[in-house]
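Quick notes on the structure that follows.
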Amino acid sequence: MTCLDELKNALLAVSPHVYHFHAHKPQAPYIVWGEDGPGDTVFANGRLVLQALGGTVDLFTGDPEDTALFEGIQAALDRVCCWRLNSIQYEEDTGLTHYEWRWEVPNG
(Lines give C-alpha, C1' and ligand atoms only; values in the text may rest on other atoms or scores of the structure.)
Protein backbone atom coordinates (compact mmCIF):
# COMPACT_ATOMS: atom_id res chain seq x y z
CA MET A 1 0.00 0.00 0.00
CA THR A 2 1.37 3.43 -0.93
CA CYS A 3 1.45 6.46 1.35
CA LEU A 4 -1.33 8.00 -0.76
CA ASP A 5 -3.48 4.91 -0.27
CA GLU A 6 -2.89 5.18 3.48
CA LEU A 7 -3.91 8.85 3.41
CA LYS A 8 -7.09 8.10 1.46
CA ASN A 9 -8.04 5.23 3.76
CA ALA A 10 -7.37 7.32 6.87
CA LEU A 11 -9.72 10.03 5.55
CA LEU A 12 -12.37 7.45 4.61
CA ALA A 13 -12.29 6.27 8.23
CA VAL A 14 -13.36 9.81 9.22
CA SER A 15 -16.16 10.17 6.64
CA PRO A 16 -17.49 8.29 3.62
CA HIS A 17 -17.78 11.64 1.79
CA VAL A 18 -14.16 11.86 0.61
CA TYR A 19 -13.20 12.96 -2.90
CA HIS A 20 -9.89 13.04 -4.75
CA PHE A 21 -9.23 16.42 -6.40
CA HIS A 22 -12.85 17.33 -7.15
CA ALA A 23 -16.28 16.89 -5.59
CA HIS A 24 -19.09 17.42 -8.09
CA LYS A 25 -22.07 19.00 -6.29
CA PRO A 26 -21.65 17.16 -2.99
CA GLN A 27 -23.74 17.79 0.09
CA ALA A 28 -21.80 19.29 3.01
CA PRO A 29 -19.96 18.23 5.02
CA TYR A 30 -17.39 16.67 2.71
CA ILE A 31 -13.63 16.24 2.34
CA VAL A 32 -11.51 16.81 -0.76
CA TRP A 33 -7.87 15.78 -0.91
CA GLY A 34 -5.22 15.90 -3.59
CA GLU A 35 -1.55 15.99 -4.23
CA ASP A 36 -0.18 19.18 -5.76
CA GLY A 37 3.56 18.76 -6.12
CA PRO A 38 6.81 17.90 -4.47
CA GLY A 39 7.46 18.55 -0.82
CA ASP A 40 10.84 18.55 0.86
CA THR A 41 13.76 16.98 -0.98
CA VAL A 42 17.08 15.57 0.23
CA PHE A 43 20.21 15.51 -1.94
CA ALA A 44 23.44 13.60 -1.30
CA ASN A 45 26.52 13.48 -3.51
CA GLY A 46 24.72 15.61 -6.10
CA ARG A 47 21.80 13.17 -6.41
CA LEU A 48 18.20 13.22 -5.25
CA VAL A 49 17.86 10.59 -2.51
CA LEU A 50 14.47 11.44 -1.00
CA GLN A 51 11.54 13.47 -2.21
CA ALA A 52 8.28 13.98 -0.38
CA LEU A 53 4.95 14.47 -2.10
CA GLY A 54 2.77 17.33 -0.88
CA GLY A 55 -0.86 18.26 -1.10
CA THR A 56 -3.94 19.45 0.71
CA VAL A 57 -6.94 18.12 2.56
CA ASP A 58 -9.96 20.39 2.54
CA LEU A 59 -13.03 20.13 4.76
CA PHE A 60 -16.18 21.96 3.72
CA THR A 61 -18.87 22.20 6.40
CA GLY A 62 -21.99 24.19 7.06
CA ASP A 63 -21.60 23.75 10.81
CA PRO A 64 -18.26 25.13 12.05
CA GLU A 65 -19.33 24.38 15.65
CA ASP A 66 -19.28 20.63 14.93
CA THR A 67 -15.64 19.77 15.60
CA ALA A 68 -15.85 15.98 15.12
CA LEU A 69 -14.75 16.04 11.46
CA PHE A 70 -12.10 18.67 12.12
CA GLU A 71 -10.60 16.61 14.96
CA GLY A 72 -11.02 13.37 13.01
CA ILE A 73 -9.08 14.73 10.03
CA GLN A 74 -6.24 15.92 12.25
CA ALA A 75 -6.06 12.53 13.99
CA ALA A 76 -6.07 10.78 10.58
CA LEU A 77 -3.25 13.01 9.33
CA ASP A 78 -1.29 12.33 12.53
CA ARG A 79 -1.33 8.62 11.66
CA VAL A 80 -0.01 8.90 8.10
CA CYS A 81 1.91 12.09 7.36
CA CYS A 82 3.43 15.40 8.36
CA TRP A 83 0.88 18.20 8.25
CA ARG A 84 -0.16 21.67 9.37
CA LEU A 85 -3.44 23.56 9.39
CA ASN A 86 -3.02 26.07 6.59
CA SER A 87 -6.21 28.16 6.63
CA ILE A 88 -9.79 28.53 7.81
CA GLN A 89 -12.11 30.53 5.58
CA TYR A 90 -15.79 31.31 5.34
CA GLU A 91 -16.97 31.07 1.75
CA GLU A 92 -19.80 33.51 1.24
CA ASP A 93 -20.84 32.10 -2.14
CA THR A 94 -21.55 28.64 -0.65
CA GLY A 95 -22.17 29.52 3.00
CA LEU A 96 -19.60 26.89 4.01
CA THR A 97 -16.61 27.04 6.31
CA HIS A 98 -13.52 25.74 4.51
CA TYR A 99 -10.61 24.27 6.46
CA GLU A 100 -7.38 23.48 4.60
CA TRP A 101 -4.47 21.34 5.79
CA ARG A 102 -1.08 21.00 4.02
CA TRP A 103 0.47 17.52 4.17
CA GLU A 104 3.58 15.69 3.01
CA VAL A 105 4.29 11.99 2.66
CA PRO A 106 7.44 10.17 1.53
CA ASN A 107 7.36 9.51 -2.21
CA GLY A 108 8.46 5.97 -2.89
Side-chain angles (χ1 to χ4, degrees):
M1 179 179 308
T2 69
C3 292
L4 292 179
D5 291 331
E6 289 180 29
L7 176 60
K8 178 180 120 181
N9 290 336
L11 293 172
L12 284 169
V14 175
S15 169
H17 306 288
V18 175
Y19 304 90
H20 191 219
F21 285 118
H22 177 71
H24 184 67
K25 297 183 182 182
Q27 184 175 347
Y30 62 95
I31 299 166
V32 179
W33 72 280
E35 51 281 38
D36 62 12
D40 290 337
T41 55
V42 176
F43 292 89
N45 296 325
R47 300 187 74 163
L48 177 68
V49 293
L50 177 68
Q51 178 176 317
L53 185 59
T56 58
V57 170
D58 300 87
L59 168 62
F60 298 88
T61 181
D63 183 5
E65 303 302 318
D66 180 4
T67 61
L69 283 175
F70 178 89
E71 292 170 0
I73 289 170
Q74 293 196 151
L77 292 171
D78 273 342
R79 289 191 298 275
V80 298
C81 61
C82 298
W83 63 272
R84 67 179 167 85
L85 181 62
N86 195 49
S87 68
I88 303 170
Q89 310 156 51
Y90 178 73
E91 298 188 356
E92 291 200 22
D93 58 331
T94 63
L96 299 177
T97 300
H98 174 190
Y99 300 90
E100 180 188 70
W101 291 265
R102 291 280 319 150
W103 56 263
E104 285 189 3
V105 296
N107 188 18

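Model, not experiment: these values are computed from the prediction.
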Practice problem: Taking all non-hydrogen atoms of both residues into account, name the closest pair between A28 and F60 and its distance. | Solution: CB-O, 4.0 Å

Quiz prompt | Partners passing ring-ring contact (aromatic ring centres under 6.0 Å, His included) against Y99 (at least two apart in sequence or in another chain) | solution = F70

Self-check item: Partner set under ring-ring contact (aromatic ring centres under 6.0 Å, His included) for W33, not counting sequence neighbours
Solution: H20

Self-check item: Residue pairs involving residues 27-37 (criterion salt bridge (Lys or Arg N to Asp or Glu O under 4.0 Å); sequence neighbours excluded)
Solution: D36-R102

Quiz item: Excluding sequence neighbours, so at least two apart, what forms side-chain hydrogen bond (donor to acceptor under 3.5 Å, both in side chains) with E65?
Solution: none

Practice problem: Return each pair, listed once, that meets side-chain hydrogen bond (donor to acceptor under 3.5 Å, both in side chains) where at least one residue sits in residues 75-84; pairs must be two or more places apart or across chains. | Solution: D78-W83, R84-N86

Practice problem: Might you point out which heavy atoms bring I31 and S15 nearest each other, and give the distance in Å? | Solution: CD1-CB, 4.0 Å

Quiz item: Got a second to check how far S87's OG is from D58's CG, nearest 0.5 Å?
Solution: 7.5 Å

Practice problem: Nearest 0.5 Å please: distance from the CD1 atom of I73 over to the CG atom of L85. | Solution: 10.0 Å

Quiz item: Which residues satisfy the side-chain hydrogen bond (donor to acceptor under 3.5 Å, both in side chains) test with T94, sequence neighbours excluded?
Solution: none

Quiz item: When clusters are formed by joining ILVMFWY residues with side-chain heavy atoms under 4.5 Å apart, either directly or through shared neighbours, do L77 and L12 land in the same one?
Solution: yes

Practice problem: Could you check if a side-chain atom of L53 sits within less than 4.5 angstrom of a side-chain atom of C3, using non-hydrogen atoms only? | Solution: no

Quiz item: Is it the case that one hydrophobic cluster holds both V80 and V14, taking links as side-chain heavy atoms less than 4.5 Å apart, direct or via other members?
Solution: yes

